[in-house]
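Note sheet for the following structure.
Everything numeric here is computed off the predicted structure, so don't read it as measured data.
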Amino acid sequence: VDLLLPPAKPVVPSDLVHALTWPPVIGATSIRIFQWYKRRRNEIDDSIREFRQLRPMSVAERRRREMSASLRILSECGDPLDGNTNRVESAINHLSDGKCYLDLSAIQRLSILRLLIEAAYDTHHVQLSIEDNFKARMNAVKALDAEERRAKKAAREELASIESAARDRLATEAREAFIEKKRQEIVEDIKDTQEYSVEFIESLNDDDIIDLDDDTKAEYEALPTRESFNKGEVNAVVKQIQEETAFGVERLTVLSLKEIEQRDEDYLKSLQDELESYGEANSRETSAKIERLRQRITKFTDQMQTLPLDRNSAIEVLKDAIQDGTVRTLRTAIKGAKLAGLSGEDEENGGVWALDLIRDASLELKEAEARKRVTEAQKDLVAKRNKCFTRTEPLGRDRYQSSFFHFDHDKSSRVWAERDLILGNEDSIPSKEAVLLKSIQSASIGAQDKSEDFVNPDDRHKPYGKYFLSFAGQEYHHSGNLSTLARHHWSCYTTDRSLRVLVKNLDGKCAKENDLKEALKETLETLALSATGDDTIPSHAIVAEDEEPEVTASIGKTDFFSSGDEELFCKEKENVSKEDSSLLKEISSAIGSRIRLRRIPDPDRAPDVAEYSMATVTGWKMANAPQNDTLEGEAIPATQATLPVWRLGLDDGGEIDVSASEAVEGIVRAIKWSTGHLGYVEHDA
């Protein structure tokens, strides 16, 4: 260690350390370390004896202490007490003589490595680094706990404030109901006694009605106060206030889809009744009103033709967004639902009416925003804590014991999955593309465990013995069929969309998967916060509430045809293999066909990682494709060649144009994927 550390650290291409000089250098280093450790322990022994006022050790006792030094320094590698040879010192002398390292026994090699590692940890610089890392981690954890306590305290204060507002609302509603009831009683009494006039009753305010007589005043004083309401009544109003707060309104009326449809029908009927009430147009002003009413009726009738489809689509997006639970998707889904007519102003109470799913999505959005604020506030603290260590702990595990990791220094912001291989017999593996399916032999690493160490040979074939061996094997593989170290398969999720699909498929009822689901949601929020500086607007970008979405019309979109591609499609089918051609035998046109699109998001950094998505062919046209020709070094101006392109409507939104070969390959891929075609595996997904 003295030789290999600064200021005398040799450079890599050095004459000091190479294949021939390495053993004596390590031997000399080990001698110094071993002597240093012996001196330290001897000094400690002598200081303890001096502290306890014991007599000094005799020469014979010192010799015995020297002989047992290796056992005291390296207890697991030391010599037996009755041994005649010293394994540690013999290994050091063996290397110092320049002999081969591989001639040492396993215990001797282990002792050399232990000496070097222990000495490295005992160096001053490493000790300082460990202490600094430990202090930084402890400070980060304390700050993280303080931030979490602050967030919980804020949540408790908010809940207390809402409960107080709920009690005030209940008391106010009871008071208003009492005043309205008394006012109606007074109006009824007027009809019989004629004691008060109608003008007098209308001029009375709330306090006047309360002080009208002693009985009324006594009934008012007997009304329930804000502290007298029970917990059930308060919780019901608290829930209502939370919904209104999440929606950003003072009054919220929650409706089902059938009630919204009935509301639309009533609105259309009211417009028609208003139109009939005008009768014939007797003036120019009446004619203008009738014309405006007819236009509103026509526009609303046309909207009702497309509303059911738009609403069903918006409802599906809302359900997916609630499962996803991230701010970005929830905002987009809520905005789309409002555009689909699933929410609107309530003229009766001056508030807003909305579908129950929008209410649920708004509550989830509020929780996600609170989680996002906490994630943003803790981002520096977590980075500081993780900076102390190179090891990254998994985000969690799913029901199949697959571990998921996110590495802070991964510039591509990927989430990696470490999965157990699927074990099968050598003959049952269909193809080499089945990357997760391996034989037991190919999935094993190293020598097998000796079962006699775990179970008595007589009990090995009994049910108890088999069960125990299988249970012990689960340390290596979840199936328990391996008794060796097992290989694992690594894969990664490269896009937000693939991560959201993973989050959606996790079971929230399972405690293990629910923890993983929450961790992945926080990871998605963190990645969304750190994704800055991109000039392009992604497909999942969020448009502000008061901002109109920019609609860009595709050039030549109206040029696409919905039929007539049979000849070109059949011509391209001739270029596929015989096996794929049999799958396309019944398909004469690409229009309306389902396509499984394969794209490589990052061909430079990850050329072997592909992203698969589904789409539908919506049209085709002949498009110009430039071709640059050269002749004897002279550039000829680009000529225009027309090639067929097909337009696809992506399932996750947006459109894309593909060539003839891409369209045919995508249709074949979709058929194989949807039917579970034998041997079809998307190994690069």
For this session: For the pair Asn312 and Glu316, evaluate side chain to side chain donor-acceptor pair (under 3.5 Å) and give the outcome as yes or no after the intermediate values.
Result: CA-CA 6 Å; Asn312 290 334; Glu316 292 299 323; over 6 Å; no
For this session: Could you please spell out the steps behind the side chain to side chain contact (heavy atoms under 4.5 Å, CB included) verdict for Ile290 and Arg294?
Result: CA-CA 6 Å; Ile290 292 174; Arg294 286 175 177 170; 3.6 Å; yes
For this session: Using the six-membered ring wherever Trp is involved, compare the ring planes of Phe404 and Tyr493 and label them parallel, tilted or perpendicular (cut-offs 30° and 60°).
Result: tilted
Exercise. Where do Val668 and Leu583 come nearest, in terms of heavy atoms and distance?
Worked result: CG1-CD1, 4.2 Å
Exercise. Counting distance only, does the side-chain N/O of Glu611 pair as donor-acceptor with the main-chain N or O of Thr495 below 3.5 Å?
Worked result: no
For this session: Check the pair Glu158 / Lys366 against salt bridge (Lys or Arg N to Asp or Glu O under 4.0 Å), numbers first and verdict last.
Result: CA-CA 13 Å; Glu158 182 183 4; Lys366 186 180 178 182; 2.9 Å; yes
For this session: Could you go through the side chain to side chain contact (heavy atoms under 4.5 Å, CB included) check for Arg500 and Leu524 one step at a time?
Result: CA-CA 8 Å; Arg500 290 192 171 91; Leu524 277 169; 4.0 Å; yes
Seminar exercise, completed: Between Ala321 and Ala333 the two heavy atoms that sit nearest each other are CB-CB, 3.6 Å
Seminar exercise, completed: Rounding to 0.5 Å, atoms CG (Leu159) and CD (Gln242) come to a distance of 6.5 Å
For this session: Side-chain contact test, heavy atoms from C-beta onward, threshold under 4.5 Å: evaluate it for Met622 versus Leu643 and give yes or no.
Result: no
Exercise. What distance separates Leu342 CG from Lys338 NZ, expressed to the nearest 0.5 Å?
Worked result: 11.5 Å
Seminar exercise, completed: d(Leu252 CG, Asp346 CG) to nearest 0.5 Å is 9.0 Å
Exercise. With a 4.5 Å heavy-atom cut-off, do Lys517 and Gln323 have their side chains touching?
Worked result: yes
For this session: Find out whether Asp310 and Leu339 are in side-chain contact, i.e. whether some heavy atom of one side chain is under 4.5 Å from a heavy atom of the other.
Result: no
Problem set entry | Any donor-acceptor pair under 3.5 Å from Trp646 side chain to Asp657 backbone | no
Exercise. Do Ile671 and Ile587 come close enough that some side-chain heavy atom pair is under 4.5 Å?
Worked result: yes
Exercise. Tell me, do Leu355 and Ile315 make a side-chain contact under 4.5 Å, heavy atoms counted?
Worked result: yes
For this session: Ignoring hydrogens and angles, tell me if any N or O in the side chain of Arg669 forms a donor-acceptor pair with the backbone of Arg596 under 3.5 Å.
Result: yes
Exercise. Step by step, would you call Arg399 with Asp507 a salt bridge (Lys or Arg N to Asp or Glu O under 4.0 Å)?
Worked result: CA-CA 9 Å; Arg399 73 196 83 165; Asp507 186 7; 5.5 Å; no
Exercise. Under 30°, 30 to 60°, or over 60°: which ring-plane class applies to Tyr267 and Phe300, parallel, tilted or perpendicular?
Worked result: perpendicular
Problem set entry | Gap separating the CD atom of Glu572 from the OG atom of Ser661, nearest 0.5 angstrom | 5.5 Å
Exercise. Heavy atoms, side chains only, cut-off 4.5 Å: are Lys573 and Ser581 in contact?
Worked result: no
For this session: Decide if atom CD of Glu567 counts as having more than 12 heavy atoms of other residues, nucleotides or ligands within a radius under 6.0 Å.
Result: no
Exercise. Heavy atoms, side chains only, cut-off 4.5 Å: are Tyr680 and Thr675 in contact?
Worked result: no
Exercise. So do Trp353 and Glu259 actually touch side chain to side chain, heavy atoms under 4.5 Å?
Worked result: no
For this session: State whether Glu274 and Lys289 are salt-bridged, where the test is any N-O pair (Lys NZ or Arg NE/NH1/NH2 against Asp/Glu carboxylate O) under 4.0 Å.
Result: no
For this session: Search all heavy atoms of Arg599 against all heavy atoms of Ser613 and return the closest pair with its distance.
Result: NH2-OG, 3.3 Å
For this session: Could you walk me through whether Ser270 and Asp273 pass side chain to side chain donor-acceptor pair (under 3.5 Å), step by step?
Result: CA-CA 5 Å; Ser270 65; Asp273 293 342; over 6 Å; no
Exercise. Considering all heavy atoms of both residues, which atom of Arg598 and which atom of Ala610 are nearest to each other, and what is their separation?
Worked result: NE-CB, 3.8 Å
Exercise. Can you check whether Ser659's main-chain N or O pairs, donor with acceptor, with Glu662's side chain at less than 3.5 Å?
Worked result: yes
Exercise. Between CD of Glu665 and CD1 of Ile667, what distance do you get to the nearest 0.5 Å?
Worked result: 11.0 Å
For this session: List the steps and the verdict of side chain to side chain donor-acceptor pair (under 3.5 Å) for Ser402 and Arg397.
Result: CA-CA 5 Å; Ser402 301; Arg397 290 178 173 84; over 6 Å; no
For this session: Kindly indicate, with the supporting measurements, whether the criterion side chain to side chain contact (heavy atoms under 4.5 Å, CB included) is fulfilled by Ser593 and Thr616.
Result: CA-CA 6 Å; Ser593 299; Thr616 305; over 6 Å; no
For this session: Determine yes or no for a side-chain-to-main-chain donor-acceptor pair under 3.5 angstrom, with Asn230 supplying the side chain and Glu233 the backbone.
Result: yes
Exercise. Just by modelled atom types, is the Ala160 backbone N or O under 3.5 Å from a matching donor or acceptor in the Ser164 side chain?
Worked result: no
Exercise. What's the shortest heavy-atom distance between Asp398 and Lys512, and which atoms?
Worked result: O-CD, 3.6 Å
For this session: Without swapping roles, check the side chain of Thr332 against the backbone of Arg328 for a donor-acceptor pair under 3.5 Å.
Result: yes
Exercise. Taking NZ, NE, NH1 and NH2 as the nitrogens, is one of them in Asp264 or Arg311 under 4.0 Å from a carboxylate oxygen of the other?
Worked result: yes
Exercise. Counting only N and O atoms by type, is there a donor-acceptor contact under 3.5 Å from the side chain of Arg647 to the main-chain atoms of Ile656?
Worked result: no
Problem set entry | Pair Ser491, Arg419: side-chain N/O donor-acceptor within cut-off below 3.5 Å | yes
Seminar exercise, completed: Minimal heavy-atom distance between Ser343 and Val352, with the atoms involved, is OG-CG1, 3.7 Å
Problem set entry | From CG (Leu268) to CZ (Arg263), nearest 0.5 Å | 14.5 Å
For this session: Would you confirm whether Asp360, through its side chain, and Ile322, through its main-chain N or O, come within 3.5 Å as a donor-acceptor pair?
Result: no
Exercise. Hey, mind stepping through Leu520 and Leu506 against side chain to side chain contact (heavy atoms under 4.5 Å, CB included) and telling me if it holds?
Worked result: CA-CA 10 Å; Leu520 287 174; Leu506 291 175; 3.8 Å; yes
Exercise. Are any side-chain N or O atoms of His406 and backbone N or O atoms of Arg414, one a donor and one an acceptor, separated by less than 3.5 Å?
Worked result: yes
Exercise. What do the steps show when you test Lys571 against Asp565 for salt bridge (Lys or Arg N to Asp or Glu O under 4.0 Å), and what is the final call?
Worked result: CA-CA 10 Å; Lys571 183 178 179 180; Asp565 66 333; over 6 Å; no
